[in-house]
Each structure stands twice: as C-alpha cells, then as structure tokens.
Amino acid sequence: MALIFWTGIVFCSCGRPEPETAAGSDSRLDTATQHYIPALIGYDTLNGKQKRALIQQLLATEKGTQHSPYYYYVKGLQLDLAHNTDSALYYYGLMKADTATPDLYALQQYAIFNNNIMEENIVSSDKVSALLRVTRKAEEGKSTFVYLLYDLLAKTYYRNANTDKAIIYTDLYFKHNPLQNSPVIQQRYHDISFMLAAQKNKAWAMEEHLERAQELAIQLGDSLALARTYDYESQLYSLKKQPGRALESSRKFFNYLKQHNLLRKYAFNNMATTFIRNRQPDSAIYYYGLAIQWARQHPGSDLFSEFQGLAEVYRFKQDYKNAAIALDSAINIFGRNTAAIEAEKIEELHTRYQTEKKDQAIASLQTTNRLNRKLITQQRWIFLAASLLLGTLALIVYNTYRRKLLIAKNEKLSAENRKLLLEQKALQLQLDPHFIYNAVANMQGLISSDKKKEANAYLVTFSSLMRNMLELNRQDLISVGEEIGALENYIRLQQMRFEHAFAYRIDTNGLDTEALMIPPMLVQPFVENAIEHGFKNIAYQGMLDITFTAEAGQLHICVSDNGAGPDTDQPRAKKSLSGSIIGERLDVLFNQKEKIAYFNTQSHTAANGKGYRVDLYIPLITA
C-alpha cells in the first residue's frame, strides 16, 4: 500500500558553506570551485524548471574550449534531465577527478553510481562494496558532498531490504547536509524516515515523523507534500487496526492525485487494499477494476498484483467463479512474465555461446598468424628505418630551402612596409600645412577687422587645436572619438570666424567611437571645403551635417551642407588640393591590392537646390 519514493524535494538555499579545495590546485580550478559549489549544493532542492535554468546559467559562465571539471559535471546533469544517460556518463568521465580534489571526486562518483543503480530493484554486493569504498575516501577528504553519497547508500540499502542500514545512512545524510536547517530538507528527511519506520512497523516513530512532515508541508505551502502525508496517515491507521480512519486518509490522498491529474496504478491499488482492510470488498473490486483499466491505457504495466488482489477479494465474498477467473488471469500473467524472463536468459546464453565461439575462432587465427607477424614486424622495422632516414634528409633539404625563401620574402615585405609608412607620413605632412595656411588666414582676417577679443579667443582655441593635431599626427590611426573631437575644435573656430552663420551636427548612429579607428585628419579637409566654399556669402542659416555609419564591413562618413553649392565664384567641382591628398592617402593606406577605400561628391543635395555632399568609405578598423 505504501507509496515508495526516494527523490529530491524543492527548497531554497539557506546557507552558502565555504568550499574546500585540494592543496596545490591551480587558481582556475579554485575560481570554478567557488563559483560552482554553492550552486550545486542547492541543486537537488530545485524543481525541474529551476534546475534547467540554473544549468543554463552555469554553462553560460564558461566560454571557449577549455572547461573546468565542474562544467562537465553540470553538462552531465543537463543530459540526465533529458534522460540521456549514456551521454551524461561520458561527460562525468571527462571530469578526471581523484581523491586529491575530494569535492570533485565525491560529485563524480555520486553521479556515476546513481546512474548505474537507477533502474536496479536490488543492487549487487559488488556495487555496494564499491560505493562504500568511495564514501570512505570522501569522508577522509572531508568532502562537502559526502552527504550525497550517504543518501545514495541509504537508497541502496532500502532497495536491498536492509532497513536498519538505510536508517543509519539517512541520518548521516541529514546530519552532513550543509542545508539541514532548510524546512524542505527537513521535510524530505522526515518523509524518508517515516517510510523506513513503516518498514519496521514502529508506530511511535511513524507518528513522530508524520507530525513533523505535516508541520513542514503546511509551513512551506507544499500541497503535494501535504497530500502525501495523508497516505502516511493511512499506513499508520492500518498498522493501528483503525481501517475506517485509514480509508478516510487514503481517500484524501486519492482525491488530491485525481484533482491534479497525477493518478497512477499504485493509487488505485492503495485504495483497494484499504477497502479490503475495512471489509468493503465491492469497493475494493471497483478500484482494482480502475487499476486494470488504467494499465490497459498505458502499455507495459504489469497487472499480476491486481488480478491476484481480485482473486483474494472474490474468495472473501465466496464468489469462487470470479475468484478462479481472476486467479487464472494472474497465473497467465505470471506465466508470460516467467516465459519472458526465460526467453531473455536463453537469448543471453545464445549470445554468450556465439561470443565464445567467435573468441575461439579469433584465438585460433591469432595462433596461426603469430609467426607471420614476427616476420612482418622485422620487415616493417627495416622499412621504417630506411623511410625515416630518407624522410629526415628530405626534411633537412626542404627546411633549408624554405628558410631562404622566407628570409627573402620577409626582407621584401619589411622594405615595402617601411616605404608605405614613409609615404603615409609624407602625405600627412602635406595636409597639415594646407590646413595651417587656411587657419592663419582666418585669424588674420579677424585681426584686420579689429576684432581683438574674437581674435584672442580664436588664438586660444587655435593653439589648443594645433597641440591636439600634433599629438594625433604622431599616430597612424586614432579613434573616431578623437577625430570627432578635433573636428569640433576646428568647426568652433570657423563658427567664430563666420560669426555663427552656420550650425553643425555630428551623428555617430550609436557606434562605439572609442573602438573604431581612422587615419588622423581624414575628414577635416572635407569639412573645411564645406565651410570655406559653401557658407561664404550666404544670406541664410547654414547647416553642416557629419554622420558616421557602419555599412557592410565599411565605415561610411557623410559630410553634407546646404551652402551655396558649385554655382559660386569658386566652384567646388574643381578638384581641390586636399581632395587629391586624401585620395593618395586612401590609396597608400587601403588600396594596395583592390580599391576598398574611396570618396564620392555630388551637388544640389538640399531642398533649395543648393548644397554639397561627400560620401567617404573606408574599411571598418577596430582597436
């Protein structure tokens, strides 16, 4: 009648014990230990959804191909949840844990043993002995996770009907659990302890654990745990010869399972057994019938116990005809089960015979070929020695020739790199005097106009800009943010000169301007042309737009204005000196093999039919 279970129950971590690491472990393993152990201590306390979320979170913290042993353990847990046992065992094997790292060792051995005995109703003595040895080593190493091995031993002894040992290891599991103060760990302990006390027919112990389990279920608001205590009550009342109260408790548990769509065959059997004890055979027959009906809807269920129970109920009613029919069905099921077992044994013997036959054939072939192998081995060594000698000579000749080619190629590349670097520096120096000439002319105009205050402010800003330019021009590449800073200094100088006849806007479209790189002073000449040739002698507010966008692996820089356009006295359709220099810079920097950096110009971009636009494209370069 008892509902047999041995599972982890959900609870929240109430403490984070300090992890123990082996002496001499590297810092990487120590970091992983501090990261994983607190999470793994609370793993069995989570429900399925929470476990999957925790696993995803832990796996996401490790990137790359080098993983810590804890990563492989969590990967195995993920596969265990997906019922992929073979793959899980593969990842547990990758942990390479030993007694030098007791926490890893205990986790790995627990996972492997748990998978190996998961489906066994009776655990072999060899496996029990091996599990005991592993537990002793975990105890000696003072592993944090020794409580998991105690829990596994308790489960193993329970399956082997050794209730006394199961009680001992259940108590050890609870005593060494780092979260023993958690209400749900306590509830799990009292649930299991009740089940073990029931096996020993100790009513006083059953009452003690039942009362505590009910209190904890109410405290946690766990309706399933509370419903489970009704089944415990039924067992206790049955032991006390109070079938009426046992039936009442069984009905509460059954109704809960039915309400939550959790009914299984054992629930019907429990109800039938309770009705038999309450001397209500018709109700017992009804529930046995429901159990048979449920089993037929779920292929693979064994109905031997149900038909055997029906036979006993009919015999109690003195309905010997139906008792004989039910008993006949039970005998047939028993016969089929026995036949299946015998067939499995015969198949096993046949497989063993075939294997032994093949082994004998292989042994005969091995004996026949042993002498031939010796001769072949001698010839092979001679051939390998000759091949090794020839290969060594060929490798020496090839390496000598290849080294000469690489030296010549490196010298040629070094010369070309030096040439490109000198050309780039020369082109930058060509550009700087052109800008300085225009800036000095602007300052001269302010002085000639007797605008001393403006000229003084212009001079201060100009000196700051020049210092900034000198610093930037020492570098082959600067960040887009630094280029924008230099542009803003220059534009503010021109606004002072033109008495704010124009405004400007710089839009980076969300780019990381500190990470993107650009040759220094690449955009300034286009901005200078827009101001000098576009905003001079206009009767309306000028607008300068500068945008930076990333498009298909390139950095697109657009400089547009609503100025006078090419119809002024100094048309910009004529190729300027700065434009020629920038074109040469782009060729030296980027266009050695193919044209991947360039700029286009077009006029009449504004709504009034005026304006000018430059579109500059260079490869995306990150720091």
Side-chain angles (χ1 to χ4, degrees), residues 1-5 191 194-203 206-207 209-211 213-214 217 222-337:
M1 175 180 174
L3 170 61
I4 307 302
F5 73 100
D191 278 351
F194 177 91
M195 177 179 63
L196 296 173
Q199 292 293 310
K200 302 290 289 183
N201 290 327
K202 293 182 178 180
M206 293 170 65
E207 287 181 350
H209 292 301
L210 172 60
E211 180 180 355
Q214 286 178 330
D222 188 341
S223 60
L224 178 57
L226 184 60
R228 198 162 49 236
T229 62
Y230 298 145
D231 185 58
Y232 300 162
E233 286 182 347
S234 177
Q235 297 177 53
L236 179 60
Y237 290 140
S238 294
L239 182 62
K240 289 184 172 184
K241 308 299 183 182
Q242 300 177 24
R245 300 186 68 180
L247 178 59
E248 181 182 353
S249 297
S250 287
R251 186 176 283 112
K252 288 180 181 179
F253 182 56
F254 183 88
N255 289 338
Y256 176 87
L257 295 179
K258 182 178 181 181
Q259 180 182 357
H260 292 81
N261 197 27
L262 297 173
L263 283 176
R264 298 295 183 269
K265 187 164 67 76
Y266 74 84
F268 300 108
N269 289 347
N270 287 355
M271 286 296 295
T273 303
T274 306
F275 277 116
I276 292 173
R277 290 171 178 167
N278 204 35
R279 305 182 68 82
Q280 295 178 255
D282 292 332
S283 296
I285 292 171
Y286 171 75
Y287 279 98
Y288 275 134
L290 290 179
I292 294 170
Q293 182 181 351
W294 185 92
R296 287 172 176 169
Q297 294 173 355
H298 299 79
S301 301
D302 185 14
L303 289 173
F304 174 75
S305 60
E306 284 71 22
F307 281 108
Q308 187 180 38
L310 274 176
E312 293 178 0
V313 175
Y314 282 125
R315 187 164 56 249
F316 174 78
K317 292 185 61 177
Q318 297 183 354
D319 185 352
Y320 298 111
K321 178 180 179 181
N322 284 324
I325 294 173
L327 186 59
D328 184 63
S329 298
I331 292 172
N332 288 336
I333 293 173
F334 180 79
R336 287 197 299 269
N337 292 343

Step by step, would you call L310 with I292 a side chain to side chain contact (heavy atoms under 4.5 Å, CB included)? CA-CA 10 Å; L310 274 176; I292 294 170; 3.6 Å; yes

Do V313 and Y288 pass the side chain to side chain contact (heavy atoms under 4.5 Å, CB included) test, and can you show the C-alpha distance, the side-chain angles, and the key distance before you say yes or no? CA-CA 10 Å; V313 175; Y288 275 134; 3.9 Å; yes

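If you check the side chains of N255 and Q259, you find no donor sitting under 3.5 Å from an acceptor.
Legend: residues meeting ring-ring contact (aromatic ring centres under 6.0 Å, His included) with F254, ordered by chain and number and at least two apart, are F268, Y287. For S249, the side-chain contact (heavy atoms from CB on, under 4.5 Å) test picks out E233, S234, Y237, with sequence neighbours left out. Q280 pairs by the side chain to side chain donor-acceptor pair (under 3.5 Å) definition with N278, not counting sequence neighbours. Not counting sequence neighbours, the partners of L236 by the side-chain contact (heavy atoms from CB on, under 4.5 Å) test are A203, M206, E207, L210, K240. With sequence neighbours left out, the side-chain contact (heavy atoms from CB on, under 4.5 Å) criterion links Q293 to L290, Q297. With sequence neighbours left out, the salt bridge (charged side-chain N to carboxylate O under 4.0 Å, His left out) criterion links K200 to D164. In terms of the side-chain contact (heavy atoms from CB on, under 4.5 Å) criterion, residue partners of S223 (sequence neighbours excluded) are, by chain and number, Y256.
Considering CD of Q235 and OH of Y230, their distance stands at 15.5 Å, rounded to 0.5 Å. Summarising the geometry, atom CZ belonging to R228 is positioned 10.5 Å from atom CG belonging to L257; distances are rounded to the nearest 0.5 Å. Note that the CG atom of L247 and the CD1 atom of I276 stand 12.0 Å from one another [nearest 0.5 Å].
Taking the side chain as every heavy atom from C-beta outward, W294 and R264 approach each other to under 4.5 Å.
Here the closest heavy-atom approach between residue F307 and residue S329 is recorded as CD2-CB, 3.6 Å. Considering all non-hydrogen atoms of both residues, A311 and L327 come closest at CB-N, 3.8 Å. The shortest non-hydrogen separation linking P243 to T274 is O-CG2, 4.5 Å. Considering all non-hydrogen atoms of both residues, R251 and F275 come closest at NH2-CZ, 3.4 Å. The two residues D191 and A213 make their nearest non-hydrogen contact at OD1-CB, 3.6 Å.
Residue pairs meeting the salt bridge (charged side-chain N to carboxylate O under 4.0 Å, His left out) criterion with at least one member in residues 306-335, sequence neighbours excluded: K265-E306, D282-K317.
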